[in-house]
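Everything below concerns the one structure shown next.
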Amino acid sequence: MWFKQAKKENKPDNNQHSLSVNIAKVLSLTLIVCLVGSIVLSIQDKPTPDLVTDLAQSSFATLTGMLITRL
């Protein structure tokens with residue numbers, strides 16, 4: 001198997017799966033890096049690449065979808 005099964009004593013109290021928490025962390029970090037990168041590029045009067053914009057938009061949309069389904 002690719003993923004180890006979590007033992008019951010290692011499971012978080014709020015019934016969240018650790019994989020979904022790790023995915024949310026990676027998406028948040030990606031969004032922050034894209035935002036900071038686009039700010040730095042705009043300060044240097046360089047155009048922001050479409051890849052950075054698309055990556056930030058998809059990270060934000062995925063995080064929003066994950067948060068909505070947790071409600």
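The basis for the numbers below is simple: all heavy atoms, side chains too, and nothing from hydrogens, waters or symmetry mates. This structure is a prediction, so every number in the text was calculated from the model and none was measured. When a residue number appears, it is its place in the shown sequence, counting from 1.
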Closest non-hydrogen atoms of Leu63 and Ala24, given as atom of the first, atom of the second and distance, are CD2-O, 3.8 Å
Val40, Ile32: one ILVMFWY side-chain cluster at the under-4.5 Å cut-off?
yes
Can you hop from Leu19 to Leu27 via hydrophobic side chains spaced under 4.5 Å?
yes
Mark yes or no for whether Ser42, through its side chain, and Ile39, through its backbone, hold a donor-acceptor pair below 3.5 Å.
yes
Applying side-chain contact (heavy atoms from CB on, under 4.5 Å), name anything that partners Leu55, two or more places apart in sequence or on another chain.
Thr30, Cys34, Ser58
Please name all residues satisfying side-chain contact (heavy atoms from CB on, under 4.5 Å) with Leu35, sequence neighbours left out, ordered by chain then number.
Leu31
Quick one: pull up OG in Ser59 and CG in Asp54 and give me the separation to the nearest 0.5 Å.
10.5 Å
Closest approach of Thr48 to Leu41 (non-hydrogen atoms, all atoms of both residues)
CA-CD1, 4.2 Å
What's in the same ILVMFWY side-chain cluster as Val26, cut-off under 4.5 Å, chained through other members?
none
Rounded to the nearest 0.5 Å, what separates atom NZ in Lys25 from atom OG in Ser20?
10.5 Å
